[in-house]
Q: 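Before anything else, here's the structure in question.
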Protein chains: 4
Amino acid sequence: MQDLPNGHRVRIRRRGADKHPLILKAARELVAQSGFREAQMTAIADAAGIAIGTLYRYFPSKTELMIEVVKSAAQREVEVVAGIAMRDGAACEKLGAAAWTFASRALRGRRLAHALVAEPVEPDVESARLTYHRALSRVFKTIIEQGITEKAFPAQNAAASADCIVGCLFEGLVVPLSNEAAEASTSLSAHATAIITFCLRGVAGQMLSFPPPSAA
Amino acid sequence: MQDLPNGHRVRIRRRGADKHPLILKAARELVAQSGFREAQMTAIADAAGIAIGTLYRYFPSKTELMIEVVKSAAQREVEVVAGIAMRDGAACEKLGAAAWTFASRALRGRRLAHALVAEPVEPDVESARLTYHRALSRVFKTIIEQGITEKAFPAQNAAASADCIVGCLFEGLVVPLSNEAAEASTSLSAHATAIITFCLRGVAGQMLSFPPPSAA
Amino acid sequence: MQDLPNGHRVRIRRRGADKHPLILKAARELVAQSGFREAQMTAIADAAGIAIGTLYRYFPSKTELMIEVVKSAAQREVEVVAGIAMRDGAACEKLGAAAWTFASRALRGRRLAHALVAEPVEPDVESARLTYHRALSRVFKTIIEQGITEKAFPAQNAAASADCIVGCLFEGLVVPLSNEAAEASTSLSAHATAIITFCLRGVAGQMLSFPPPSAA
Amino acid sequence: MQDLPNGHRVRIRRRGADKHPLILKAARELVAQSGFREAQMTAIADAAGIAIGTLYRYFPSKTELMIEVVKSAAQREVEVVAGIAMRDGAACEKLGAAAWTFASRALRGRRLAHALVAEPVEPDVESARLTYHRALSRVFKTIIEQGITEKAFPAQNAAASADCIVGCLFEGLVVPLSNEAAEASTSLSAHATAIITFCLRGVAGQMLSFPPPSAA
DNA sequence: TATGAATGAGACTTCATTCAT
DNA sequence: AATGAATGAAGTCTCATTCAT
């Protein structure tokens, strides 16, 4: 036995493919398709093309698997957005770019994004989801603090402002995605622009032009 | 069968008390106490002091009942906040007051607020929950539009800004409530102030003093 | 809700037969037939002619049901033997009669007796089984103490002697029953007589004639 | 395939260590530690430091392995006790010594002793366990018969008396061990003395002084 | 020969819903 | 109209055994 880098305690496996990512992928796709509710262990095993017992070789319980699903999906989002925060450049521009990046990614991968934000889960998974929110918030907080230091933004409670940005993005972009009817992407894009404009005003305390980057 | 004014399709009942509100109240309290997960039909019937069979005379399914729970709980919140929007006064003040009212109500009734925002539900209930978000957003939109008309606020996408406010309030206040550990109410209150300040800046595009009303 | 005399916390049931004894009987028969191992909840429900869900209305878990099975079966045995201890008469005679009664009952109901003595169970059920052993032992202890008082038996550790009697009866009579091949009842009867004779010698410290009662 | 002298039917193995005893040892230790319930095949293979597939090369099924475990553990106990029966000396003293030896070994190795006496098993393993009881009984029978021949003991059904002794020792010493709470070893020792005294009286039909040997 | 990943039958339990009384 | 016992589909998890490498 040993602790693997991915944090799971499993027997050492020498031969055969590690089905961990395979299962995670299948689970994530099921969740992305129909939400947590439809992601039964049997369905996940079927989707992964393995037996239910094999699934339990890699994940000790459904809860653990769902936590991994949330963590892995969330981690990716946070990484991308965090990458922007680390760039050189004005806080104001980075803030807009980070928000826009998150928004455009959420507009794709609708169902999964929604699952990461507002869908029914049990307490332990909820906790992992909350961690995602907080991680995302920290990225924005970092940018805001830089802006305050640079005098680009007025003094403010950076943590609260960051929470607000996350809330704006979720409520403005992700929650509407839950109803299946996909709106025209142009109107969604315009909506995203309005949302981000609001966030920038909230942080900067003044009107800022917000030119959405051409690349999503 | 007929459609009643209150929108419910029930069998005509001539004698005896209408147990509809009784059941709704019991269900709402159970959800407020322990969330949707713990609100089994049997438990609701017990709490209402009626038989499970009777419950099914008034609600055709658990889904329908939960939709009613969300609607009724949401309606109350919306009404209170809408009441503030209808007042005379400057848009700016009303905006702060409405936000603060929502916030303080959410800080009480944590569990219910959380259930209305982020808890696991099935698609049909999710839909009712979304309607609540939209209704709340409309209230803020009305205030913002008034403010734009009065030149108190700059021109903006009022609907998007309203969504943002709702998002800020939910993300900033309700989601953190999901972890059982109740923080000190003073820090929560300070947090609420920071959140609302952000919202006002986002709408007004400038620093606004935000004096929270003494009464909630 | 209320605590019923049988110690189970169930909803008050007004109409319909109380299926508690029906289930217990079915479970006991299954155990008597094939032991604990074969007594799956589904099989018990089938045997009782009810649905699995109904079974769980009356017993919260398999463990609880098995504990009841052990307790109810054991209680009956202890009661019968205890009845003899309460009679008037010489300790010596009562001791023989009690042992013989237990023995003859064990010779009938073989499988169940074996389950009560030596069969595989989980810890909680094991505990109930141990209680049975101790209760039976206490009956013999009472008789022995009476005999010591009456100077019929020498001074001795009555509790230990009682345990020994229980052990003799179990090992001598019940354990051999576990192999399906039923021996001739005459030889079993003779064996029982030899066992009980040993016990009487062990208690009395001298040779005692032991005339088995004609009635079983 | 062939039947080996040790009674095992195994494939002929020419090279490499015979892992039979290794596996048996691991299995026995696991059973001794946590009982049959916790002795899963995988756990046994792990404990033996071999692969599960290898385990199945030596034992065709779990049942077979458990039978071997019971047999081997039992054999050791029987051998030790039988060694005493083979000594020179008075039957009476040997009887006490044999009983005391068994008792003191049971007081150590509690869990294994309990598994050998009263733990949940399937029919085939049960059968092996019964064989152990009978073998132990035969040892005592031998001693008793010697005593009868020597006129040290009165005429009696030696087989039945021997069964009784086994029953006394099991019921008096092993069964109480099943509850985890380890009693003070002094009280256990006193209890063992009382049990053995009873057995001696049962066999000899008179009060005998029983001086427990100092060494176990 | 050895390995150990994979298998899947089967066990327990929950809870929304029905229907005879 | 009211009752609540009964139902059983469905979901999670375990572990003895197999077989390709």
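Hydrogens, waters and symmetry mates are skipped; everything else that's a heavy atom, side chains included, is used. Note on naming: letters A, B, ... go to the chains in the order of the sequence lines (proteins, then strands), and numbering restarts at 1 for each one.
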Q: Figure out the NE2/C1' separation between A/His20 and E/dA5, and round it to whole Å.
A: 16 Å

Q: May I have the distance from B/Phe59 (atom CZ) to E/dT18 (atom C1'), rounded to whole angstrom?
A: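 Answer to the nearest Å: 19 Å.
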
Q: Do you know the tightest heavy-atom contact between B/Ala48 and B/Leu22?
A: O-CD2, 3.5 Å

Q: Taking side-chain contact (heavy atoms from CB on, under 4.5 Å) as the test, write out the residues that go with B/Glu29, two or more places apart.
A: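 Applying side-chain contact (heavy atoms from CB on, under 4.5 Å) to B/Glu29 gives B/Lys25.
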
Q: Rounded to whole Å, how long is the line connecting atom CZ of A/Arg57 with atom C1' of E/dT3?
A: 11 Å

Q: Nearest whole Å is fine: how far is E/dT13 P from C/Glu64 CD?
A: 10 Å

Q: Within this structure, what is the CZ-to-P distance between C/Arg37 and E/dC12, rounded to whole angstrom?
A: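 Taking CZ of C/Arg37 and P of E/dC12, I get 12 Å after rounding.
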
Q: The side chain of C/Ile52 is closest to which nucleotide in this list: F/dA2, E/dG8, E/dT13?
A: E/dT13

Q: For B/Ser61, give me all partners under side chain to side chain donor-acceptor pair (under 3.5 Å), at least two apart in sequence or on another chain.
A: none

Q: Give the dot-bracket line for DNA chain F from 5' end to 3' end: parentheses for intra-strand Watson-Crick or G-U pairs under 3.5 Å, square brackets for crossings, | for inter-strand pairing, dots for unpaired.
A: .||||||||||||||||||||

Q: Taking side-chain contact (heavy atoms from CB on, under 4.5 Å) as the definition, give me every residue that meets it alongside C/Ser72, ordered by chain and number, with sequence neighbours left out.
A: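 Scan of C/Ser72 (side-chain contact (heavy atoms from CB on, under 4.5 Å), adjacent residues dropped) gives C/Leu24, C/Arg28.
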
Q: For A/Thr131, what residues pass the side-chain contact (heavy atoms from CB on, under 4.5 Å) criterion, not counting sequence neighbours?
A: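 Partners of A/Thr131 under the side-chain contact (heavy atoms from CB on, under 4.5 Å) test: none.
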
Q: For D/Ala39 and D/Leu30, work out which heavy atoms get closest and say how close.
A: CB-CB, 4.4 Å

Q: Between B/Gly53 and C/Gly53, name the one whose nearest nucleotide on DNA chain F is closer to the 5' end.
A: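 Closer to the 5' end of DNA chain F: B/Gly53.
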
Q: For B/Asp46 and F/dG4, give me the distance from atom CG to atom P, rounded to whole Å.
A: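 My rounded result for the distance is 9 Å.
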
Q: Can you tell which of F/dA16, E/dT17, F/dC13 lies closest to the side chain of B/Ser61?
A: E/dT17

Q: Flag the pair D/Glu126 and D/Arg129 as a salt bridge only when some basic side-chain nitrogen lies within less than 4.0 angstrom of an acidic carboxylate oxygen.
A: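 Counted as a salt bridge, because a side-chain N and a carboxylate O are separated by less than 4.0 Å.
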
Q: Check the distance between F/dG4's C1' and B/Tyr56's OH and give it to me in whole angstrom.
A: 13 Å

Q: Could you work out which one of F/dA2, E/dA11, F/dT18 sits closest to the side chain of C/Gln40?
A: E/dA11

Q: Among E/dC12, E/dT17, F/dT17, find the nucleotide with the atom closest to the side chain of C/Lys62.
A: E/dC12

Q: If you check the A/Thr54 side chain, which of F/dT12, E/dT14, E/dT7 turns out closest?
A: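 Per side-chain heavy atoms of A/Thr54, the pick is E/dT7.
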
Q: As a test of reading the structure: which of E/dA2, F/dC13, E/dT18 is closest to the side chain of D/Tyr58, going by heavy atoms?
A: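 Shortest atom-to-atom distance from the side chain points to E/dA2.
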
Q: Find which nucleotide of DNA chain E each of B/Met41 and A/Leu55 is nearest to by heavy atoms, and output the residue with the more 5' nucleotide.
A: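 Whichever sits nearer the 5' end wins; that is A/Leu55.
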
Q: Between A/Ala39 and B/Ala51, which has a closest nucleotide on DNA chain F that is more 5'?
A: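 The 5'-side residue here is B/Ala51.
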
Q: Does B/Lys19 place a side-chain N or O at less than 4.0 Å from the phosphate oxygens OP1/OP2 of F/dA1?
A: no

Q: What nucleotide, of E/dT13, F/dC13, E/dT3, holds the atom closest to the side chain of D/Ile50?
A: E/dT3

Q: Counting only side-chain heavy atoms from C-beta out, which of F/dT12, E/dA2, F/dG4 sits nearest to A/Thr42?
A: F/dT12

Q: Using atom CZ of D/Phe36 as one end and atom P of F/dT14 as the other, report the distance to the nearest whole Å.
A: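 For the pair D/Phe36 CZ and F/dT14 P, the rounded distance is 22 Å.
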
Q: Not counting sequence neighbours, which residues clear side-chain contact (heavy atoms from CB on, under 4.5 Å) with D/Ser127? List them please.
A: none

